[in-house]
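Step one of this worksheet: look at the structure below.
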Amino acid sequence: MVAVAILAAGRGTRMKSRLPKVLHHLGGRSLVERVLTCASVVQPKRQLVIVGYGGDLVQQSLSHLPNVEFVEQTEQLGTGHAVQQLMPHLQDFEGSLLVLNGDVPLLRPQTLTALLATHQTNGNAATILTAQMPDPKGYGRVFCDGNNLVTQIVEDRDCTPAQRQNRRVNAGIYCFDWHQLAKVLPQLESNNDQQEYYLTDAVNFLSPVMAVDIEDHQEMFGINDRKQLADAYEILQTRIKDDWMRAGVTLIDPTSITIDDTVQFGTDVVIEPQTHLRGQTVIESGSRIGPGSLVENSQIGENVTVLYSVINNSVVKANTQVGPYTHLRNEVEVGQNCRIGNFVELKQAQLGDRTNVAHLSYLGNATIGKRVNVGAGTITANYDGVKKHHTKIGDRTKTGSNTVLVAPISVGEDVTIAAGSTVTEDVPNDCLVIARSRQVVKPGWRLKPDEPAT
Ligand code: UD1
Ligand code: CA
């Protein structure tokens with residue numbers, strides 16, 4: 001049986017923030033959520049998050065994840081003290097306890113699986129993830145005998161200059177035999193530079209404790225300040241983009257592009273410079289996004305082009321062209337083979353297949369049929385100052401340039417609306433609507449009729 005405990009009680013003073021450190025975001029998700037979802041790979045029986053500073057906030061932020069237990073550490077007296085708080089909660093637990101620092105968010109799930117496997121096949125009392133760090137500053141140094149058995153872990157600030165030369169560092173990721181750990185936790189002391197109870201001192205009482213070196217030392221990158229948060233983002237981005245390029249996505253000028261690790265792509269997608277893809281976004285095969293676009297929580301169908309545009313919480317179906325300068329703001333669904341053009345904003349609008357909104361329009365709270373041509377400058381007046389109202393336009397209808405549709409309103413199928421109309425009443429199928437004042441021409445009329453025009 002496996003239980004997972006995540007240390008997330010510290011304030012993270014070095015972040016210089018009111019927000020608990022583990023709630024700072026890295027690529028759309030908090031540090032602690034990243035650690036927790038990574039740990040789910042071992043299918044833990046129990047998931048315990050140790051909270052303290054800003055505990056309520058941490059708890060709230062994870063409320064969407066199932067089966068997470070929260071354990072309070074009211075005073076933050078160190079990582080060993082944090083793990084001591086688990087004792088009443090895991091009294092009857094038998095098996096392996098994975099302990100993860102809440103501020104080490106780049107860990108790969110397969111690394112945890114491997115750590116657990118090594119721990120269990122060797123019957124270790126503890127197994128510790130370590131790495132050879134090019135710059136080990138700030139990390140605890142791990143000292144081993146010739147067989148990778150750990151003799152001591154010394155925090156950076158407690159190291160002698162000679163000890164500090166050791167580049168093998170502690171990732172803050174451990175696997176313990178819970179039964180044995182629970183026995184030694186009460187023996188930890190706080191006689192160190194920080195006067196804290198260090199979890200790392202537990203290795204002095206346990207045997208055997210094995211160190212497992214991680215291949216990619218970037219996985220153990222810990223976040224203590226905002227500079228490291230930015231560095232972690234860069235590492236994460238490189239990782240995501242390299243993986244997608246190898247999987248067949250073309251990124252033009254990858255350094256100018258950002259992609260969340262929740263985004264999915266089909267084959268032969270091209271992402272142009274200065275494009276940002278976030279959240280639960282899917283880009284299907286053959287589509288070309290960018291340059292200069294932001295797509296968030298949206299589904300983009302096959303062979304779609306998106307140029308200099310912003311798309312949020314929307315669906316765009318196959319072969320549609322979006323942009324330049326389009327904003328699909330929220331709950332927009334655009335059908336197949338549509339053209340949504342220059343300077344167009346759509347909000348809570350559904351558009352049928354082969355419908356065009358090519359220039360300078362705002363359509364909000366609208367249901368638009370198939371093969372509709374929305375003329376340049378067509379606007380839905382959807383808001384009366386208190387409430388939003390709905391506009392419906394039937395199939396094959398054409399709205400003239402500068403049409404205003406005063407909602408609630410329903411325009412039928414096969415309707416033509418004359419340019420400059422302000423349509424305030426429902427329109428039946430199959431007709432021409434002219435809703436504008438008639439042009440008046442007064443022959444010979446001059447501003448000052450006595451004086452000849454210059
Ligand atoms: C810790 C390790 C160090 C390791 C490094 C890896 C110890 C003593 N040191 O150092 O060997 O190289 O992580 O990143 O463990 N926390 C609590 N309660 C507390 C104190 C901390 O929950 O009382 C949590 C923090 O919120 C954080 C994690 O434990 O998520 C690590 O604490 P931090 O103070 O950042 O430890 P480091 O000094 O980085
Ligand atoms: Ca840390």
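Being a predicted model, the structure only gives us computed values, none of them experimental. First listed ligand is number 1; within each ligand, the first listed atom is number 1.
- The option with the heavy atom closest to atom 39 (O) of ligand 1, from among Val35, Asp201, Val71, Asn224, is Asn224.
- Ring geometry for Phe265 against Trp244 counts as perpendicular: the plane angle is over 60°, on a 0 to 90° scale with 30° as the lower cut.
- Contact check on Lys227 versus Asp231 returns a salt bridge, with a Lys/Arg side-chain nitrogen under 4.0 Å from an Asp/Glu carboxylate oxygen.
- By the criterion of a heavy-atom distance under 4.0 Å, both the backbone and the side chain of Asp103 are placed next to ligand 1.
- Closest approach of Ser207 and Ala125 over heavy atoms only: O-CB, 3.6 Å.
- When the heavy-atom distances from atom 31 (C) of ligand 1 to Asn101, Val22, Ile6, Thr13 are ranked, the shortest goes to Asn101.
- Numbered from 1 in the order shown, with element, the atoms of ligand 1 that lie under 4.0 Å from a heavy atom of Tyr198 read 8 (C).
- Close approach of ligand 1 to Leu77 (heavy-atom distance below 4.0 Å) involves ligand atoms 23 (O).
- Side chains of Asp353 and Asn337: a donor-acceptor N/O pair is absent below 3.5 angstrom, by distance only.
- Of the heavy atoms in Lys21, only side-chain atoms (C-beta onward) come closer than 4.0 Å to ligand 1.
- Scanning all protein heavy atoms for the shortest distance to atom 12 (O) of ligand 1 gives Asn170 O, 2.6 Å.
- For the side-chain hydrogen bond (donor to acceptor under 3.5 Å, both in side chains) criterion with Asn365, the lone passing option out of Lys387, Lys347, His389 is Lys347.
- Nearest to the Ca ion (ligand 2), among the N, O or S atoms that Asp103 has, is OD2.
- Listed here is the closest heavy atom pair of Gly27 and Arg34: O-NH2, 3.2 Å.
- In terms of N/O distances under 3.5 Å, ligand 1 is approached by Leu7.
- Atom numbering of ligand 1 starts at 1 in the shown order; those under 4.0 Å from a heavy atom of Gly140 are 3 (C), 4 (C), 11 (O), 12 (O).
- In summary, the side chains of Arg29 and Thr37 do present a donor paired with an acceptor at a separation below 3.5 Å, with no hydrogens or angles considered.
- The shortest N or O to N or O distance between Gln73 and ligand 1 is under 3.5 Å.
- Residue contacts with ligand 1: Leu199 is placed with no nitrogen or oxygen under 3.5 Å of a nitrogen or oxygen of the ligand (distance criterion only).
- If you check each of Ile223, Thr79, Asp156 against atom 7 (C) of ligand 1, the one with the closest non-hydrogen atom is Thr79.
- No side-chain donor from either of Thr118 and Thr127 sits under 3.5 Å from a side-chain acceptor of the other.
- Of the candidates Gln194, Arg14, Gln85, Arg14 brings a heavy atom nearest to atom 34 (O) of ligand 1.
- In terms of polar-atom proximity, defined here as any N/O pair under 3.5 Å, Glu155 does make such a contact with ligand 1.
- Counting all heavy atoms, side chain and backbone alike, Ser17 lies closest to Tyr53 at O-OH, 4.4 Å.
- Nearest heavy-atom pair across Pro136 and Val169 is CB-CG1, 3.5 Å.
- Protein heavy atom in closest approach to atom 25 (C) of ligand 1: Gly10 N, 3.8 Å.
- In summary, no N, O or S atom of Asn101 is located under 3.0 Å from the Ca ion (ligand 2).
- Within the 4.0 angstrom cut-off, atom 37 (P) of ligand 1 has no protein heavy-atom neighbours.
- Using modelled atom types, no side-chain atom of Asn170 and backbone atom of Val142 make a donor-acceptor pair closer than 3.5 Å.
- Relative to atom 19 (C) of ligand 1, the option among Pro136, Ala9, Ala171, Gly78 with the closest non-hydrogen atom is Gly78.
- For ligand 1, the atoms closer than 4.0 angstrom to any heavy atom of Gln76 are 19 (C), 23 (O).
- For the side-chain hydrogen bond (donor to acceptor under 3.5 Å, both in side chains) with Gln73, the qualifying choice from His81, Gln85, Gln84 is His81, the only one to do so.
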